[in-house]
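What follows is one structure encoded as structure tokens, with my remarks underneath.
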Amino acid sequence: MNKALLSVAVVGHANTGKTSLIRTLLRDASFGEIADKAGTTRHVEGAEIRVDNSQNLVIYDTPGLEDSIYLLQVIDGASQQYDGVDRLLSFIENEKKFPDLSQELKVLKALLSNDIIFYVVDVREPILGKYRDELKILSYAAKPIIPVLNFIDSPGADVEAWQTQLARLNLHAFVSFDSVVFRFSDELKIYQKMQTLLAHREQQLAQLIEQRKQQWQEREAAAQQLIAQLLVEAAACRFKADNNEQSIEIFSGKLQSRIRDLERQTLTQLLALYQFKQDDIDQHDLPIQEGEWELDLFSSDNLQEFGVKATSNFVKGAGVGVAVDLVAAGMTLGAAALAGGVAGVLWGVKQRYYDEIQAKVTGHRYLCADDLTLQVLWARQLSLLLALQQRGHASMTKVSLAAVQSDKIELPKKWGKWLRRARQHPQWLASNNSDQPLLADKKQLIIDQITSALAAISEGK
């Protein structure tokens with residue numbers, strides 16, 4: 001075997017999440033087959049995590065061990081004077097005598113032909129004799145074993161009991177993991193345990209760890225850039241309307257539609273960045289269906305859902321949405337959303353600001369997204385990013401979107417300054433600034449500043 005190639009056999013009882021683990025490590029939801037029944041994997045299948053042009057890690061999925069008690073009896077009955085490896089070889093040489101153990105035979109061959117073994121345990125299962133027999137069979141291969149305690153965040157998980165049992169079998173280098181509720185730090189622990197058990201591959205694994213860290217950081221930075229760009233372009237989005245109810249209503253609808261499109265495009269890009277498909281999100285409890293948020297950005301329910309407190313009288317009972325941007329006067333009034341038509345040309349601000357508006361605006365007004373809409377947009381993107389980062393590529397059951405509580409929504413110190421700057425530059429919409437490099441540079445500066453703020457929030461979570 002190529003010495004630069006480091007290979008892993010992923011083994012365990014049927015339906016413990018072996019394929020799920022590999023999907024999550026590969027970031028590939030299409031690898032293998034997953035179903036809520038035993039024996040889904042029927043053959044050995046491998047995939048690579050490339051370290052560089054000359055080195056890579058190959059992970060092999062294997063069928064589940066379905067009858068370890070009988071298998072151990074057969075292996076031990078071959079010849080008592082053989083050591084563990086020879087017992088396995090003897091069984092393999094006589095495989096035709098045991099056609100009912102054909103799946104187990106594939107597992108044994110994988111044990112002997114790979115560098116290290118991941119033994120996947122479903123910690124929701126009680127500790128039974130068959131699992132002890134499986135571990136005894138694995139020990140015969142004389143290969144390093146890393147027990148992977150899977151589904152640690154699921155109801156009924158008993159991690160402590162499994163840790164105690166593994167320690168009694170002299171297996172102390174286990175890793176806690178969850179292929180559905182993913183944490184990148186847990187993935188790194190797997191590679192670090194491999195370093196401990198494969199000292200002669202320490203440098204190769206160190207390179208793998210650094211590569212995976214870099215990839216994760218680059219992916220997160222790219223996601224933060226997408227979110228920052230969305231916020232800048234949403235703030236820059238502006239429509240000019242005549243100063244009458246009908247025109248305001250028409251162009252407010254166009255404004256809302258344009259911002260929905262911007263958010264939908266960002267959603268698609270984020271899914272692709274984290275290597276998920278639309279179908280992966282549809283079947284989960286994210287408030288998104290077919291590329292759109294079920295809870296519309298301009299719905300008043302957004303305030304409560306994302307913990308945004310409406311302290312202004314302008315949004316009393318109306319939700320979030322459109323602001324009247326008095327460019328000539330140098331001020332922005334936070335007006336309420338259009339909810340079933342305009343309730344008075346000037347919504348909730350009519351009584352208080354009617355005279356000032358009449359005096360300073362003649363013939364038209366500019367409509368833009370109000371502050372609360374952009375605050376909700378910010379919270380929604382933080383929620384989505386967190387959900388994608390914590391979603392394993394084997395997820396099949398519904399998971400809850402990690403709610404962003406009102407006391408955890410962090411608006412950067414320069415938030416208001418960024419929004420004002422963006423509103424002053426409607427040319428910053430991606431479709432408008434391609435031929436104006438100076439404006440594009442200024443826009444990118446704001447995007448970079450928002451990205452840095454997002455990175456600081458991520459580091460502090």
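We're numbering straight along the sequence, starting at 1.
What you find for P144 and I116 is that their closest heavy atoms are O-CG1, 3.3 Å. Residues F182 and Q389 share a closest heavy-atom pair of CD2-O, 3.4 Å. Listed here is the closest heavy atom pair of I259 and A234: CD1-O, 3.9 Å. What you find for L57 and L208 is that their closest heavy atoms are CD2-CD2, 3.7 Å. Among all heavy-atom pairs drawn from W418 and P412, the shortest one is CZ3-CB, 3.5 Å. The two residues I146 and A173 come nearest to each other via the heavy atoms CG2-O, 3.5 Å.
Considering CD1 of I457 and OG of S452, their distance stands at 11.0 Å, rounded to 0.5 Å. The CD1 atom of I227 sits 12.5 Å away from the CZ atom of R380 when rounded to the nearest 0.5 Å. For the atom pair Q424 CD and L419 CG, the distance stands at 11.0 Å (nearest 0.5 Å). Atoms CG and CG, on L230 and L270 in that order, are 9.0 Å from each other to the nearest 0.5 Å. Rounded to the nearest 0.5 Å, atoms CG (D158) and CD1 (I152) are 13.0 Å apart. Atom-to-atom distance recorded for R27:CZ and Y274:OH is 10.0 Å, nearest 0.5 angstrom.
The shortest side-chain heavy-atom distance between L384 and L388 falls under the 4.5 Å cut-off. Inter-residue side-chain proximity for I450 and W415 is flagged as unmet; no heavy-atom pair is nearer than 4.5 Å. Within the 4.5 Å cutoff, no side-chain heavy atoms of V8 are placed close to those of V58. At least one side-chain heavy atom of Q275 sits less than 4.5 Å from a side-chain heavy atom of R219. Between D115 and R201, some side-chain heavy-atom pair lies under the 4.5 Å cut-off. F251 is not listed as a side-chain neighbour of D242, based on a closest heavy-atom distance of 4.5 Å or more. I209 has its side chain within reach of K213: a pair of non-hydrogen atoms, C-beta onward, lies under 4.5 Å apart. Within the 4.5 Å cutoff, no side-chain heavy atoms of Y131 are placed close to those of Q165.
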Self-check item: From CA spacing to verdict: side chain to side chain contact (heavy atoms under 4.5 Å, CB included), L149, F177
Solution: CA-CA 6 Å; L149 306 185; F177 194 80; over 6 Å; no
Self-check item: Verdict with supporting geometry, Q211 and Q207, side-chain hydrogen bond (donor to acceptor under 3.5 Å, both in side chains)
Solution: CA-CA 6 Å; Q211 179 212 62; Q207 291 175 349; over 6 Å; no
Exercise. Start with the C-alpha distance between L6 and Q204, add both sets of side-chain angles, then the distance that settles side chain to side chain contact (heavy atoms under 4.5 Å, CB included), and finish with yes or no.
Key: CA-CA 9 Å; L6 177 58; Q204 183 178 354; 3.8 Å; yes
Practice problem: Please step through side chain to side chain contact (heavy atoms under 4.5 Å, CB included) for the pair R258 and L429, ending with a clear verdict. | Solution: CA-CA 11 Å; R258 181 72 179 101; L429 274 175; 4.1 Å; yes
Exercise. Start with the C-alpha distance between E233 and K443, add both sets of side-chain angles, then the distance that settles side chain to side chain contact (heavy atoms under 4.5 Å, CB included), and finish with yes or no.
Key: CA-CA 9 Å; E233 293 190 358; K443 172 187 174 183; 2.7 Å; yes
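At distances below 3.5 Å, at least one donor-acceptor pair connects side-chain atoms of D178 with backbone N or O atoms of D153. Without hydrogens or angle criteria, S7 side chain to N114 main chain gives no donor-acceptor distance under 3.5 Å. Listed for the T451 side chain is a donor-acceptor partner under 3.5 Å among the backbone atoms of I447. Within the 3.5 Å criterion, the main-chain N or O of N56 finds no donor-acceptor partner in the side chain of E48. Between the side chain of T62 and the backbone N or O of V10 there is at least one donor-acceptor pair closer than 3.5 Å. Panel note: side chain K254, backbone F239; no donor-acceptor pair is recorded below 3.5 Å. For the pair T24 (side chain) and S20 (backbone), a donor-acceptor distance under 3.5 Å is present. Looking at Q390, its side chain never comes within 3.5 Å of a backbone N or O of V181 through a donor-acceptor pair. Judged by distance alone, the side chain of K18 and the main-chain N or O of V11 form no donor-acceptor pair under 3.5 Å. A side-chain donor-acceptor contact under 3.5 Å links T164 to the backbone of E160.
Taking the six-membered ring where the residue is Trp, the centroids of F174 and W162 are separated by 6.0 Å or more.
Q246 CD: 12 or fewer foreign heavy atoms inside a 6.0 Å radius.
Shown are N150, V123, V148, V159; of these, the side-chain contact (heavy atoms from CB on, under 4.5 Å) with S176 is made only by V159.
Side-chain contact annotation: Q444 with Q225, donor-acceptor N/O pair under 3.5 Å present. For Y191 and Q195, the side-chain atoms include no donor-acceptor pair closer than 3.5 Å.
Salt bridge E263/R260: absent, no basic N to carboxylate O contact under 4.0 Å. A salt bridge links R423 with D371; the closest basic N to acidic carboxylate O contact falls under 4.0 Å.
By the 6.0 Å and 45° rule, R391 stacks over the aromatic ring of F276.
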